[in-house]
Amino acid sequence: MSKTSIYHGKKFREITGRTIVYIFLIIISIIWLVPFVYLILQSFAVSYSPSQIIPQQWTFDNYINLFNDITYPFGTWYLNTLGIAIITALIQTVLTLMTSYSFSRLRFRLRKSYMKMILVIGMFPSFLGMTVNYFILQMIGLEGSIFGLILVYIAGSGMGYYVSKGFFDTIPHSLDEAAMIDGANKNTIFWKVILPLSKPIIVYTVLMSFTGPWGDYMFASYIAQGNQNLYNVAVGLQTMISKGKDTIYFPRFCAGAVFVSIGIMALFFWLQKYYVEGVTGGAVKG
């Protein structure tokens with residue numbers, strides 16, 4: 001067999017392999033997009049009909065009525081969710097980065113033991129502690145409170161140190177040493193030397209801290225205890241279609257879901273570059 005035939009055979013196999021991969025990715029993408037496209041279509045429907053994938057009559061009233069319906073105050077739910085997510089993201093980001101910096105830069109007794117313990121604890125599903133968390137909040141008078149929900153979200157912030165620690169490990173220790181020679185302490189080094197070089201991991205941590213409370217349903221519904229003024233959008237939208245009125249409220253539910261999804265998607269795509277850099281750890285900072 002000539003070298004030309006071998007080359008063409010290898011080229012054919014490469015093209016065939018890539019084609020199969022692309023076809024597979026296209027099929028997966030379609031499967032992922034179908035539910036979202038269906039959600040968008042139904043959000044413009046006048047009324048919900050299980051037999052109609054594409055609505056026969058279209059209207060924009062579902063989006064308008066989201067903020068006009070007193071029975072289901074979507075505006076209150078949205079503001080609750082936004083406030084909880086922003087406060088949680090800010091506090092959780094600071095605590096996570098401080099913990100990550102400590103494990104990356106400081107050398108103290110039982111350091112590795114603490115890291116292993118956090119890994120083991122993180123293997124247990126968080127909902128196992130919901131009842132205990134609720135009783136603790138009850139003891140301190142924060143049950144049925146948005147502040148109690150925020151406290152639960154930020155309480156385990158340090159357990160998410162893994163990715164941030166890996167990023168801090170890529171920053172040369174010589175920067176710390178140079179700053180210490182100039183008289184800086186660990187606190188100054190963290191805030192004025194390390195963080196300015198860590199924009200990708202800061203953005204990544206903020207995004208992860210923000211999206212958790214944004215879409216949480218289980219603990220948020222447990223804390224709300226049926227009080228609509230404490231609902232977030234996940235609990236509120238579920239309530240909207242769970243009282244035997246799904247035919248009437250389903251299009252409005254879809255409109256609410258689209259409204260909530262577009263904001264977080266836009267934020268993610270806007271910060272995608274930094275998100276990827278944060279996950280991969282980035283290059284060594286000079």
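- Contacts classified as side-chain hydrogen bond (donor to acceptor under 3.5 Å, both in side chains) and involving residues 89-102 (residues at least two apart or in different chains) are given here: Q92-S209.
- The existence of a salt bridge linking D169 and R105 is excluded, since no basic side-chain nitrogen approaches an acidic carboxylate oxygen closer than 4.0 Å.
- At a threshold of 4.5 Å between non-hydrogen side-chain atoms, the residues D176 and I194 count as touching.
- Here M117 pairs with Y114, I121 under the side-chain contact (heavy atoms from CB on, under 4.5 Å) rule; sequence neighbours left out.
- Not counting sequence neighbours, the partners of A179 by the side-chain contact (heavy atoms from CB on, under 4.5 Å) test are A184, I189, V193.
- With sequence neighbours left out, the side-chain contact (heavy atoms from CB on, under 4.5 Å) criterion links Y162 to I118, L119.
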Under 3.5 Å donor-acceptor pairs involving side-chain atoms of residues 139-155, not counting sequence neighbours:
unit_1	atom_1	unit_2	atom_2	d
S145	OG	F147	N	3.2
Y153	OH	D216	OD2	2.5

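- The shortest non-hydrogen separation linking N229 to T76 is O-CG2, 4.1 Å.
- Among residues two or more places apart in sequence or in another chain, the ring-ring contact (aromatic ring centres under 6.0 Å, His included) test is passed with Y78 by W214, F259.
- Taking the six-membered ring for Trp and thresholds of 30 and 60 degrees, F74 and F67 have ring planes more than 60 degrees apart, a perpendicular arrangement.
- Within the 4.5 Å cutoff, the side chain of K116 has no heavy atoms near those of the V120 side chain.
- Every pair passing side-chain hydrogen bond (donor to acceptor under 3.5 Å, both in side chains) that includes a residue from residues 178-187 is listed here, sequence neighbours excluded: N185-T188, N187-W191.
- Every residue was checked against the salt bridge (Lys or Arg N to Asp or Glu O under 4.0 Å) condition with D61, not counting sequence neighbours, and none meets it.
- Residues F103 and F168 place their aromatic rings such that the two centres sit no closer than 6.0 Å.
- Counting heavy atoms from C-beta outward, N232 and Y217 have side chains that stay 4.5 Å or more apart.
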Are I91 and S157 close enough, and set up right, to give a side chain to side chain contact (heavy atoms under 4.5 Å, CB included), and what steps lead you there? CA-CA 9 Å; I91 298 177; S157 302; 5.7 Å; no
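- Annotation: the span from Q238 atom CD to Y231 atom OH amounts to 10.5 Å, rounded to 0.5 Å.
- Applying the side chain to side chain donor-acceptor pair (under 3.5 Å) test to N133 and every residue at least two apart in sequence or in another chain returns nothing.
- No chain of hydrophobic side-chain contacts below 4.5 Å, direct or via other Ile, Leu, Val, Met, Phe, Trp or Tyr residues, connects M159 to Y204.
- Pairing each heavy atom of P213 with each of T88, the nearest pair is CG-CG2, 3.6 Å.
- Cluster membership for Y249 and V46, using ILVMFWY side-chain heavy atoms within less than 4.5 angstrom, is not shared.
- Here the closest non-hydrogen pair linking T205 and S164 is OG1-OG, 3.5 Å.
- Linking ILVMFWY residues whenever their side-chain heavy atoms come closer than 4.5 Å, directly or via other members, leaves L106 and L97 in distinct clusters.
- The distance from atom CZ of R252 to atom CD of Q42, rounded to the nearest 0.5 Å, is 15.0 Å.
- Residue pairs meeting the salt bridge (charged side-chain N to carboxylate O under 4.0 Å, His left out) criterion with at least one partner in residues 21-42, sequence neighbours excluded, are absent.
- The hydrophobic cluster containing M265 also contains L39, counting ILVMFWY residues as joined when their side-chain heavy atoms lie under 4.5 angstrom apart, directly or transitively.
- Hydrophobic clustering places Y72 together with L82 (ILVMFWY residues linked when any side-chain heavy atoms are closer than 4.5 Å, directly or through intermediates).
- Side-chain contact between L41 and P55: present, with at least one pair of heavy atoms (C-beta onward) separated by less than 4.5 Å.
- No side-chain N or O of N62 forms a donor-acceptor pair with one of S43 less than 3.5 Å apart.
- By the 4.5 Å heavy-atom criterion applied to side chains, L175 and L197 are counted as neighbours.
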Indicate every side-chain donor-acceptor pair of residues 17-36 with a distance under 3.5 Å to a residue at least two apart or in another chain.
unit_1	atom_1	unit_2	atom_2	d
T19	OG1	I15	O	2.7
S29	OG	L25	O	2.8

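- Here the closest heavy-atom approach between residue V235 and residue S221 is recorded as CG2-N, 3.5 Å.
- Considering only residues two or more places apart in sequence or on other chains, F44 meets the side-chain contact (heavy atoms from CB on, under 4.5 Å) condition with I40, W58, F60, Y63.
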